[in-house]
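Below is one structure; the comments refer to it alone.
Atoms within a ligand are numbered from 1 in the order they appear, just like the ligands themselves. Just so you know, residue 1 is the first one in the sequence shown, and it goes up from there. None of these values were measured; they are calculated from a predicted model.
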Amino acid sequence: MNVLVVKANNRPASEAVSSKMYETFMENLGTVHVSTYDVFAEDMPYFGQDLFNAFAKVQAGDKLSELEQRILAAKQKAMDALAAADIVVFAFPLWNLTIPAKLQTFIDYVYQAGFTFKYDENGQLMGLMPDKKAIILSARGGIYSTPETEPLEMSVNYIKNVVGGIFGMEIIDEVIIEGHNAAPDQADEIIAKGLAKAAETAKRLSAAPI
Ligand SMILES: Cc1cc2nc3c(=O)[nH]c(=O)nc-3n(C[C@H](O)[C@H](O)[C@H](O)COP(=O)(O)O)c2cc1C
């Protein structure tokens with residue numbers, strides 16, 4: 001079993017709750033084979049015309065610019081990491097109602113027809129990663145689990161829509177710590193409970209590898 005953890009926060013664990021969730025998860029994995037793809041540490045040029053220019057140049061056999069070489073290599077690295085994983089853990093915060101831009105870039109790199117999804121002969125969208133499992137570890141300072149606030153939340157909802165809804169992965173676990181900024185008097189308890197759940201999730205993997 002190969003576990004890939006996509007780490008999407010470069011704030012220190014002493015300050016950032018989702019970084020602490022990542023750390024706690026890693027500490028409790030035991031001997032499970034795990035690798036981390038740290039989106040803030042990777043060289044990941046933004047997705048856009050540079051990539052499409054690079055594709056066209058490769059097709060034509062033209063010389064790539066340095067930026068085009070970097071973006072092609074970065075995209076390939078992200079795709080290879082995802083392809084090699086049986087279980088993909090996404091550890092990320094809610095920032096400004098969404099995911100950090102570097103995590104968005106990771107998703108942009110792997111969101112590709114023929115790799116993560118395709119349209120079948122009836123035009124129906126099909127995920128191409130049904131054998132992979134996903135785990136979500138996320139923190140958010142406000143409360144986004146009520147019927148009124150849930151539609152505002154575009155980090156966990158987004159990742160679930162992409163990896164579950166489009167790529168077809170099975171989401172086997174989801175640990176969300178929320179409300180610690182909204183209720184500072186309860187913050188320690190909220191965070192401690194969530195970290196204990198992140199530890200349990202890791203221990204379950206290590207006890208019963210899938
Ligand atoms: C740059 C930034 C933006 C944030 N935006 C939001 C937000 O839109 N809504 C919210 O409830 N909390 C927001 N927060 C609080 C975080 O959700 C909270 O700190 C949570 O623990 C996840 O971020 P962290 O892992 O970096 O701590 C923000 C925090 C930071 C640092």
If I take atom [atom1] from residue [X] and atom [atom2] from residue [Y], how far apart are they, to the nearest 0.5 angstrom?
X	Y	atom1	atom2	result
F25	D173	CZ	CG	8.5 Å
W95	R11	CH2	CZ	6.5 Å
H180	I143	NE2	CD1	10.0 Å

Go through ligand 1 atom by atom and flag the ones less than 4.0 Å from a non-hydrogen atom of [X].
X	answer
S18	24 (P), 25 (O)
G142	10 (C), 11 (O)
L97	7 (C), 8 (O)
R140	17 (O), 20 (C)

How far is [atom] from its nearest protein heavy atom, and which residue and atom is that?
atom	result
atom 19 (O) of ligand 1	N181 ND2, 4.0 Å
atom 9 (N) of ligand 1	Y144 OH, 3.1 Å
atom 30 (C) of ligand 1	W95 CD1, 3.5 Å
atom 26 (O) of ligand 1	R11 NH1, 2.7 Å
atom 21 (O) of ligand 1	H180 NE2, 2.8 Å
atom 5 (N) of ligand 1	N96 N, 2.8 Å
atom 12 (N) of ligand 1	G141 N, 3.7 Å

Say whether [X], considering both its backbone and side-chain N or O atoms, lies within less than 3.5 Å of an N or O atom on ligand 1.
X	answer
P93	no
N9	yes
E15	no

Would you tell me which option among L94, I177, L152 has the nearest heavy-atom contact to atom 17 (O) of ligand 1? L94

Considering only heavy atoms, which of S138, A187, A139 lies nearest to atom 22 (C) of ligand 1? A139

Does the distance from a Lys or Arg side-chain N to an Asp or Glu carboxylate O, for E23 and K20, drop under 4.0 Å? yes

Can a donor-acceptor pair be found, under 3.5 Å and without considering hydrogens, that links the side chain of K102 to the backbone of E42? yes

On a heavy-atom basis, the closest approach of F115 and V110 is CD2-O, 3.4 Å

Could you check V39, T98, N9, I136 and say which one makes a side-chain contact (heavy atoms from CB on, under 4.5 Å) with F92? I136

side-chain hydrogen bond (donor to acceptor under 3.5 Å, both in side chains) assessment of Y22 paired with T36: CA-CA 10 Å; Y22 164 80; T36 294; 2.8 Å; yes

Walk me through whether Q49 and N53 qualify under side-chain hydrogen bond (donor to acceptor under 3.5 Å, both in side chains). CA-CA 6 Å; Q49 189 55 35; N53 288 343; 2.8 Å; yes

Mind running side-chain contact (heavy atoms from CB on, under 4.5 Å) on T201 and I135 for me, showing each step along the way? CA-CA 9 Å; T201 298; I135 293 175; 3.9 Å; yes

